[in-house]
Amino acid sequence: GPRANVWRAPLANERDGWGTYRGKLRTARAGWGNGIANGWRSLGLDRLEQHVERLDVVRVSPAEVRVEIETRLESDVVPTTAFASGFEVSYVYRILGSGDVLLHQDVTPQGVMPDWLPKAGLELVLAPQLSALTWYGRGPHETYPDRKTGARMGVYTSTVAEEDQPYLVPQDYGNKSDVRWIALTGADGIGLFAASDAPLEASARQFSTDQLSRANFPFQLAPQDGITLNLDHRVSGVGGTAISVLATHRVAPVPWQYSTRLRPFDASEVSPATLYRHRINQ
């Protein structure tokens, strides 16, 4: 199901040790390379484990069920201070009779943190047949916070397979900035609609984040049995070959919260644009 996520498969600029771009995070470890990703991996941000501490289900009314979940995302890295790196995460689901699932996420970083995070968001895996992609945001090509001025706002369509970018080194790809809504559908028109209380950074991929993080060559990638959907509150920028990501485009390790609306729908009966126009106040 949906899970808080701060990790993305490192970009080439985050793996390389180019000149002034080396600017290693305070958490970098000797022998792990000079790339920015060193400082993230050394804290175990690529392998956080989720531990559920509390789960409450309340029937608010005949048309609404409220589910509250308290969890911890913890690193497996042995801490050098009193607290290991991790995050306290609170999820509140409002499951409505209309079919809408309103999910509020509240995240608080704990313990040792890097100077900035790869992202602050939500990741879930969908059924593999939901391969048609439509979104209202910047496009049609991939965009990031510091790489988006050449992409216009509009409604765009694609497929999950077409989103694949043949980078020489596998890495995060296909991000869309300033997304108001995104929908994935199958050949039968049945799909999932997602929107938020603020513009999202979103992407849909046929590879898992873990697989993209581990692969060194494209031939090592194989489509997973599902589609990875990222609905992110913020993502860090790309930067340049010898220039670090500007502070404005970095995700600071400070508490964040945002709400996401998920709804199954039938494209033959209603369009994603209509769902967005008549969205419920979250």
Side-chain angles (χ1 to χ4, degrees), residues 1-10 44-52 55 67 69 71-74 76 87 89-93 95 99-105 107 117-135 137 142 157-165 170-176 179 181-196 200-215 218 220-235 258-267 272:
R3 191 178 112 167
N5 181 42
V6 300
W7 179 254
R8 70 179 177 195
L45 297 188
D46 58 329
R47 49 193 185 278
L48 295 174
E49 294 291 335
Q50 180 171 260
H51 303 277
V52 178
L55 188 153
V67 180
I69 308 171
T71 72
R72 300 189 326 275
L73 285 177
E74 289 187 343
D76 62 356
F87 302 84
V89 186
S90 170
Y91 304 95
V92 176
Y93 289 83
I95 304 171
D100 289 279
V101 177
L102 308 182
L103 171 56
H104 183 76
Q105 179 188 184
V107 183
L117 301 169
K119 63 163 62 178
L122 194 71
E123 183 175 284
L124 56 158
V125 178
L126 308 182
Q129 62 265 29
L130 301 183
S131 58
L133 175 65
T134 307
W135 74 96
E142 66 177 5
T157 60
S158 180
T159 67
V160 173
E162 289 172 347
E163 288 299 297
D164 186 20
Q165 299 294 321
Q171 57 193 280
D172 185 83
Y173 70 83
N175 188 73
K176 315 296 183 187
V179 171
W181 57 259
I182 185 170
L184 290 94
T185 54
D188 57 1
I190 303 298
L192 180 72
F193 168 92
S196 182
L200 291 166
E201 304 285 332
S203 63
R205 300 192 300 263
Q206 59 182 335
F207 307 109
S208 70
T209 300
D210 183 66
Q211 189 179 39
L212 287 169
S213 300
R214 294 173 181 273
Q220 296 173 320
L221 296 174
Q224 64 177 337
D225 184 24
I227 294 168
T228 298
L229 175 63
N230 291 281
L231 303 171
D232 297 324
H233 179 51
R234 289 193 64 197
V235 301
Y258 72 111
S259 298
T260 306
R261 176 190 175 197
L262 303 173
R263 179 171 177 168
F265 74 102
D266 186 340

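Values below: every heavy atom of this structure, side chains too, minus hydrogens, waters and symmetry copies.
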How many angstroms lie between CD1 in Ile227 and CZ in Arg205, if you round to the nearest 0.5 Å?
12.0 Å
Please test Asp188 against Gln129 for side chain to side chain contact (heavy atoms under 4.5 Å, CB included), starting from the C-alpha separation and ending with a verdict.
CA-CA 9 Å; Asp188 57 1; Gln129 62 265 29; over 6 Å; no
Which of parallel (below 30°), tilted (30 to 60°) and perpendicular (above 60°) describes Tyr258 and His233?
parallel
Test side chain to side chain contact (heavy atoms under 4.5 Å, CB included) applied to Glu201 and Asn230, step by step
CA-CA 8 Å; Glu201 304 285 332; Asn230 291 281; over 6 Å; no
Please examine the side chains of Trp135 and Pro272, heavy atoms only from C-beta on, and report whether any two atoms are closer than 4.5 Å.
no
For the student: nearest non-hydrogen atoms of Ser213 and Thr209, plus distance
OG-O, 2.8 Å
All heavy atoms of Leu103 vs all of Pro2, minimum pair found to be CD2-CB, 3.9 Å
Run the numbers on Arg47 and Asp210 for salt bridge (Lys or Arg N to Asp or Glu O under 4.0 Å), then give the verdict.
CA-CA 9 Å; Arg47 49 193 185 278; Asp210 183 66; over 6 Å; no
For the pair Thr185 (side chain) and Ile190 (backbone), establish whether a donor and an acceptor sit closer than 3.5 Å, ignoring hydrogens and angles.
no
Verify side chain to side chain contact (heavy atoms under 4.5 Å, CB included) between Thr71 and Tyr91, making sure each step is shown before the conclusion.
CA-CA 8 Å; Thr71 72; Tyr91 304 95; 3.7 Å; yes
Please find the pair of heavy atoms, one from Ala195 and one from Trp181, that lie closest to each other, and give the distance.
CB-CB, 4.2 Å
Does atom CD of Glu49 have more than 12 heavy-atom neighbours from other groups under 6.0 Å away?
no
Evaluate side chain to side chain contact (heavy atoms under 4.5 Å, CB included) for Leu212 paired with Asp172, printing each intermediate quantity in order.
CA-CA 7 Å; Leu212 287 169; Asp172 185 83; 6.0 Å; no
Considering all heavy atoms of both residues, which atom of Ser208 and which atom of Gln224 are nearest to each other, and what is their separation?
CB-OE1, 3.6 Å
